[in-house]
Trainee: 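Can you read through this structure? Questions will come right after.
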Number of protein chains: 2
Amino acid sequence: MLSLSFLKDLLLMPHTAPDLSNSHRTMHVVNHVRALIENGTLQPGDKIPPEREFARALKISRASLRTGIGYLAAMGVMKIRHGVGTFVADGPPDLGKASLSLIGALHGFQTWQMFEARIILERSLAALAAERGKEEHHARMSEEVAEMFATIERPADYLIHDVLFHRIIAQASGNPILAAVMETVTSSMYDKRRKTVERATDLRESAEMHREIYRAIRVRKADEARDLMEKHLRMAQTAQGAERPADRKVSTTSAAARRPRPRTARS
Amino acid sequence: MLSLSFLKDLLLMPHTAPDLSNSHRTMHVVNHVRALIENGTLQPGDKIPPEREFARALKISRASLRTGIGYLAAMGVMKIRHGVGTFVADGPPDLGKASLSLIGALHGFQTWQMFEARIILERSLAALAAERGKEEHHARMSEEVAEMFATIERPADYLIHDVLFHRIIAQASGNPILAAVMETVTSSMYDKRRKTVERATDLRESAEMHREIYRAIRVRKADEARDLMEKHLRMAQTAQGAERPADRKVSTTSAAARRPRPRTARS
DNA sequence: CTCGGTAGGAGGTCAGACCACGTCAAGTAT
DNA sequence: ATACTTGACGTGGTCTGACCTCCTACCGAG
């Protein structure tokens, strides 16, 4: 009787509790590091003590310490460099880039869905950048646009500046959360784009559009920037042939098959 | 001279390479699991072999196997249950919920930024749900709205159905990527909300708004659903006193201080 | 001054033993 | 016969301590 409401909470709100992620020691490490970060002792780019030493300090085995560090590294909070040390991440924040492609494989993400997500995100990002961007950002954007025009003949290089341009807009938006999300989504598309770009034919047009976006942002025309960005991405999507299938019969494969119950084993 | 362009790529495109995340064995495990997932051998909810056995199969030590599994678990791809086994995640996909709060602490995410992100995401999600939602979703949404009205006197319970309602919309949007992103963002706000909700006074009004949103989605009025959702969230934001400070002087603390160089150590 | 090698420090892997938690079925009491 | 207790077993969690690999910095040879 009471088990009913109990199970309900447990099954439907799997994230209410501190997660089933890890166990004592691992969380101990994570929380310790979290504390160090929150109280400012640890800042982006800093190096943490060597494993042996750190483990001794936390009174846990090196193995457990490593589990915790690995957890943090997996989430992009720390960067491990073999033979050098472990550092607090400092680059553009991301929510575990690798995760999206894995989870994507698991849940069957489609390319058009990535574009849809990207359009929704970058539309707003462009508008916000137009409202809040600073000279610093404008300068860097301008620079990347110039680089794009300069590398029209070298698709691989062009793509780098393309990505950089969008990343700067994300930063200029003044919302690191959205920037992190965009970073996650786009990075999972990078590989695919790198292949497609090679046979691209209209990089010039693409560069033009970037310049227009830049101009709109510079003169703080949010609506214009937003519309241009959307137009740009839709064009990119078309170029990559990733339109959403007109009216798939959506066999509910994903939603229905997952309902049953967490079946136990299987070899 | 050439080192310049070289460094540029390395520093500005930290995700070009296979990431500096982990080492041989760990990646070996990750790739192996990825392969199993992609070829359909492993599906959501499935249990993977016991560590000892799996490790032997991959010809690596149990410790390394555990590192890899830990990596996957950290990203939300797998769920580990002590004393039971390790399973492929099956719930609503998320990009490492814990990561956002950690990365948030690291980069100083603000509450208003979370709301901003949430508004941008859910606006679109509501619109998409209106366009693509199925009867199944409508039914479940309706149910949650009813539950909300029924639990107006119990904020804690109300919040559960509130979250559920938004989650169903995300599913109804037909874009699991956006749903996953939203899940990640909202879950990091859950704790805060649970505290705020206790002293909430106008849950009735909140419930009304949810019903309106539901109706708009049901009759497939995308624009209306989008606007109502935005209105709803802005109201929630105000209730939680998380407006964006009018014109903070943005001391560039975050952007400027991180420039220098990856300073080496610091005890 | 430059080049090459070497020593040390840091992370990566391994092995095997033991601990902690959940499950389920055998056993016991009712 | 049913219901509760209890303990064996399987699974993940932790520990120890040894060894490997990689990167860096130092230092002597040229």
Side-chain angles (χ1 to χ4, degrees), chain A residues 3 6-7 10 17-33 45-74 77-89 261-267, chain B residues 3 7 10 17-33 46-74 77-89 261-267:
Chain A
S3 67
F6 169 72
L7 277 180
L10 215 56
D19 254 357
L20 36 167
S21 333
N22 305 56
S23 28
H24 292 181
R25 307 306 162 84
T26 301
M27 284 308 259
H28 182 40
V29 175
V30 173
N31 288 328
H32 186 77
V33 172
D46 281 359
K47 179 175 183 282
I48 71 174
E51 295 184 346
R52 288 150 176 101
E53 188 181 322
F54 205 2
R56 205 179 327 121
L58 293 185
K59 266 93 77 68
I60 62 177
S61 75
R62 197 184 148 210
S64 297
L65 187 268
R66 276 177 61 70
T67 304
I69 299 298
Y71 184 90
L72 292 167
V77 176
M78 311 206 78
K79 303 288 186 183
I80 305 176
R81 294 175 57 191
H82 187 170
V84 182
T86 304
F87 307 78
V88 178
R261 63 263 158 275
R263 58 190 194 286
T264 315
R266 117 118 56 147
S267 164
Chain B
S3 67
L7 277 180
L10 214 56
D19 255 357
L20 35 167
S21 333
N22 306 56
S23 30
H24 289 183
R25 305 308 163 85
T26 301
M27 285 309 259
H28 183 40
V29 175
V30 173
N31 288 328
H32 186 76
V33 172
D46 281 358
K47 178 172 183 278
I48 69 174
E51 296 184 346
R52 293 158 176 89
E53 186 181 322
F54 205 1
R56 205 179 325 120
L58 292 186
K59 266 93 78 64
I60 63 178
S61 75
R62 195 181 151 213
S64 298
L65 187 268
R66 276 177 61 70
T67 304
I69 299 298
Y71 183 91
L72 292 167
V77 176
M78 312 206 76
K79 302 288 186 185
I80 306 176
R81 294 174 58 191
H82 187 171
V84 183
T86 303
F87 307 77
V88 178
R261 64 267 159 271
R263 58 191 193 286
T264 315
R266 117 116 58 143
S267 165

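Here the structure is a predicted model, which means the values were calculated and not measured. To find a chain, count down the sequence lines: A is the first, B the second, and so on, and within it residues start at 1.
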Trainee: Round to a whole Å and report the spacing from CZ of A:Phe54 to P of C:dG11.
Mentor: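 These atoms are roughly 11 Å apart.
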
Trainee: Calculate the interatomic distance between B:Lys79 atom NZ and C:dG22 atom P; express it in whole Å.
Mentor: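 In whole Å, C:dG22 P lies 17 Å from B:Lys79 NZ.
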
Trainee: What is the distance, rounded to the nearest whole Å, between atom NE2 of A:His28 and atom P of C:dA20?
Mentor: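 Rounded to the whole Å, the gap is 17 Å.
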
Trainee: Restricting to salt bridge (Lys or Arg N to Asp or Glu O under 4.0 Å), what partner residues turn up for A:Arg25, sequence neighbours left out?
Mentor: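 Listed in chain order: nothing, the list is empty.
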
Trainee: Can you tabulate the close N/O pairs, meaning under 3.5 Å, that link protein atoms to atoms of nucleotides 13-15 of chain C?
Mentor:
from: C:dT13; atom 1: OP1; to: B:Arg25; atom 2: N; distance (Å): 3.0
from: C:dT13; atom 1: O3'; to: B:Arg25; atom 2: NH1; distance (Å): 2.9
from: C:dC14; atom 1: OP1; to: B:Arg25; atom 2: NH1; distance (Å): 2.1
from: C:dC14; atom 1: OP2; to: B:Ser61; atom 2: N; distance (Å): 3.1
from: C:dC14; atom 1: OP2; to: B:Ser61; atom 2: OG; distance (Å): 3.0
from: C:dC14; atom 1: OP2; to: B:Ser64; atom 2: OG; distance (Å): 2.5

Trainee: Whether the side chain of A:Arg52 and the base of D:dG17 hold a donor-acceptor pair under 3.5 Å is what I'd like checked.
Mentor: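 Between D:dG17 and A:Arg52, which were checked side chain against base, a qualifying N/O pair under 3.5 Å is absent.
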
Trainee: I need the CZ-C1' distance between A:Arg56 and C:dG11, as an integer number of Å.
Mentor: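 Roughly 16 Å, once rounded to whole Å.
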
Trainee: Provide, to the nearest angstrom, the distance between the CD1 atom belonging to A:Ile80 and the P atom belonging to D:dC22.
Mentor: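 That distance rounds to 16 Å.
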
Trainee: Quick check: closest heavy atoms across B:Gly68 and B:Val30, and the distance to 0.1 Å?
Mentor: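 In terms of heavy atoms, the two residues are closest at O-CG2, 4.3 Å.
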
Trainee: Provide a list of protein-nucleic acid N or O atom pairs under 3.5 angstrom, restricted to nucleotides 7-9 of chain C.
Mentor:
from: C:dG9; atom 1: N2; to: A:Gly83; atom 2: O; distance (Å): 3.2

Trainee: Identify which one of A:Val88, A:Ile80, A:Val33 satisfies the side-chain contact (heavy atoms from CB on, under 4.5 Å) criterion when paired with A:Leu72.
Mentor: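 Answer to the side-chain contact (heavy atoms from CB on, under 4.5 Å) test with A:Leu72 among A:Val88, A:Ile80, A:Val33: A:Val33.
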
Trainee: When the distance from CZ of B:Phe87 to C1' of C:dG22 is rounded to whole Å, what number comes out?
Mentor: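 Distance, rounded to whole Å: 11 Å.
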
